[in-house]
Amino acid sequence: MEANPKLVKSKLPIHNPEVGRIPPETIEQILASTDIVDLIGSYFPLKRSGSGFKINCPFHGEKTPSFNINPARQFYKCFGCDASGNALSFIMEYENLPFIDAVKKLADRAGITIIEEAHDPESDRKRRKISRIKELNNKAARFFHEQLLRSPDAEHARSYLKSRGFSKETTQKWLIGWAPRNSNLFLQIAREEGFTGREILQAGLGGLRNKEDSRSGLWVKFYDQLTFPINNDYGDVVGFSARILRADDKRGKYINTSDTPLFNKSKLLFALDKARRSMGKEKFALICEGQVDAIVLHECGFENTIAPLGTAFTEEHARMINRYTDRVVLCYDGDNAGLAAADKAFKQLTATGLPVKLMHLPDGDDPDTFIKTHGPEKFRTLLESAKDYFDAKLEKELPSINLSSAGERTKLLKDLGESVMVMSDDLLRDATIQNLAIRMRVGVDDFRQVVANAKKEKSRFRDNPRAADDTKIVVTPAPIDHVVAYLCHLALNSEAAAEYLIEQLESLNECLEEALGGHILLDILSKRPNPENTASRQAYLMTIPSEDRLALEKTFTDSVPDDPVASASDTVAMLSARFYQTKEKALRSLLNDPNLSSAEILTAFEEVKRLQSILKDLDQRF
Ligand code: ZN
């Protein structure tokens with residue numbers, strides 16, 4: 001497919017702690033100091049053509065060059081795909097960089113220091129501090145890498161990498177290193193390079209032995225670990241993720257640099273600097289769970305792979321990805337932890353409007369083990385068959401769920417509702433609601449209600465930050481149909497109404513199984529707490545799940561009607577009528593499905609007839 005640069009996402013300047021507002025004169029100066037022929041020539045061999053140069057267009061596939069570079073006008077134009085622009089737009093498009101970052105890249109290349117408009121001593125100091133942190137991290141990465149390659153004490157680290165199938169080239173490309181067991185070596189090198197103890201602290205690479213005493217000496221964060229440098233978007237090392245190498249090492253398997261102004265796990269994605277271009281070209285990002293998987297995938301040609309650091313996937317991550325690409329495929333482990341992590345990532349990504357697909361590896365496999373066993377081509381096949389997020393999720397979860405159990409279904413519906421709620425694209429959200437309602441065998445309006453309830457819950461938590469605290473388990477009321485809630489209320493408060501409802505159970509069962517909160521009423525009718533006795537009712541309420549209890553709370557203030565049985569009878573009729581109508585409608589729309597076999601059509605048709613006669617009977621009752 002041809003890339004049309006005009007359709008490439010607009011890469012508006014974003015907030016960046018290192019670059020403030022760049023005055024237009026500086027941009028002019030940068031452009032004046034950049035020769036577009038040199039610039040493009042540093043990426044591709046150029047062919048002379050008249051007064052200018054020609055190359056095969058980097059933005060669309062072609063065999064004969066139609067991409068022209070005009071040195072006099074400092075301009076490029078492709079006659080194949082209409083791409084055109086100056087040095088800055090070339091960097092933005094080809095490197096898939098936002099405006100500010102492209103300016104910075106050209107400025108670095110031209111040796112121009114960017115002086116920001118609003119500058120004051122305080123921000124100067126901050127900037128100096130940040131650039132020292134960066135420098136120290138980059139020096140540390142080189143030092144650890146040298147140690148890995150050459151230290152006689154790093155034999156176990158080298159053989160570990162070899163056992164994982166990392167070649168020397170891979171190790172070099174990713175600047176993988178080994179932090180020496182004797183941490184004094186690192187301190188010594190850092191001091192020789194002119195860094196102070198304070199700077200080592202600020203770079204998150206060590207700590208004070210005694211926090212109260214600045215002269216107590218330093219401990220070093222990384223020792224006898226494999227080090228993976230973590231880069232910012234444009235390739236500077238800003239921290240490390242380090243892995244232990246010995247079975248008796250009591251530290252966590254992976255530890256990261258402590259937070260610094262440059263190292264914030266919620267704002268960094270592993271391999272983004274290397275994946276950025278490919279994410280733009282392929283129009284999607286592949287997100288996996290860990291660094292080793294990301295490296296393996298890159299080395300097998302999946303260069304649009306990125307990974308969060310640790311499991312937390314943040315709003316910031318989603319926004320960063322949205323700047324560089326159009327779609328996302330999640331490749332997470334198929335176990336429960338993996339599914340939960342995928343759920344979290346999906347919610348953040350869909351909130352930015354990015355379409356998300358989910359790919360399934362066989363149980364127990366991660367990308368690394370899968371590719372080692374089956375090869376990269378098999379992985380590509382799986383990737384290409386990745387399904388839309390909800391389809392993939394249901395495919396995975398439905399087989400382990402008993403859909404006719406109202407409890408399990410309600411739980412899954414609520415879970416789905418929470419994910420649908422955050423979708424920012426209205427059309428996509430509505431299509432998803434319709435699709436999920438059919439697959440979950442509920443009415444579209446009922447499911448819409450579930451989504452609306454989830455939304456209400458969320459805003460309630462926003463108003464109450466304590467409830468929103470992720471680390472606390474927050475109980476939300478089970479979704480309940482208001483008609484069902486009223487029947488629960490009658491059953492809990494009137495012996496006669498409860499008796500009546502039990503008589504109706506046989507015909508009620510079908511619609512209660514489907515109705516939201518139906519299981520709550522069924523439970524009340526089977527346990528029969530004594531309506532005359534408040535203590536019995538209270539005791540009963542304490543035995544049911546707290547989300548069910550919360551769902552009933554709303555009805556506690558309702559009054560009991562004079563004739564509870566008549567009310568119950570009217571309510572049951574209303575519930576049944578609605579249930580059979582929804583069911584009949586759903587079946588009739590199912591009949592429009594062209595993929596239905598004739599046997600299926602016949603069954604559905606019989607069912608429609610049965611429902612219509614039930615509805616007619618109900619009609620006669622009014
Ligand atoms: Zn072109």
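Predicted, not measured: the structure shown is a model, and the values here were computed from it. Note that ligands are numbered from 1 as they come in the structure, with each ligand's atoms numbered from 1 the same way.
Between the side chains of T369 and D366, at least one donor N or O sits under 3.5 Å from an acceptor N or O.
Applying the side-chain hydrogen bond (donor to acceptor under 3.5 Å, both in side chains) rule to D259 yields no partners; only residues at least two apart in sequence or on another chain are considered.
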Start with the C-alpha distance between V451 and E418, add both sets of side-chain angles, then the distance that settles side chain to side chain contact (heavy atoms under 4.5 Å, CB included), and finish with yes or no.
CA-CA 7 Å; V451 175; E418 280 163 15; over 6 Å; no
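The set of protein atoms (N, O or S) found at less than 2.8 Å from the Zn ion (ligand 1) reads C57 SG, H60 ND1, C78 SG, C81 SG, by chain and number.
Of the possible donor and acceptor atoms, none in the side chain of H145 sits under 3.5 Å from a partner among the backbone N and O of Q172. Not one N or O on the side chain of N70 forms a donor-acceptor pair closer than 3.5 Å with the backbone of F75.
Enclosure of atom NZ in K267 is not indicated, since only 12 or fewer non-hydrogen atoms of other residues, nucleotides or ligands lie within 6.0 angstrom.
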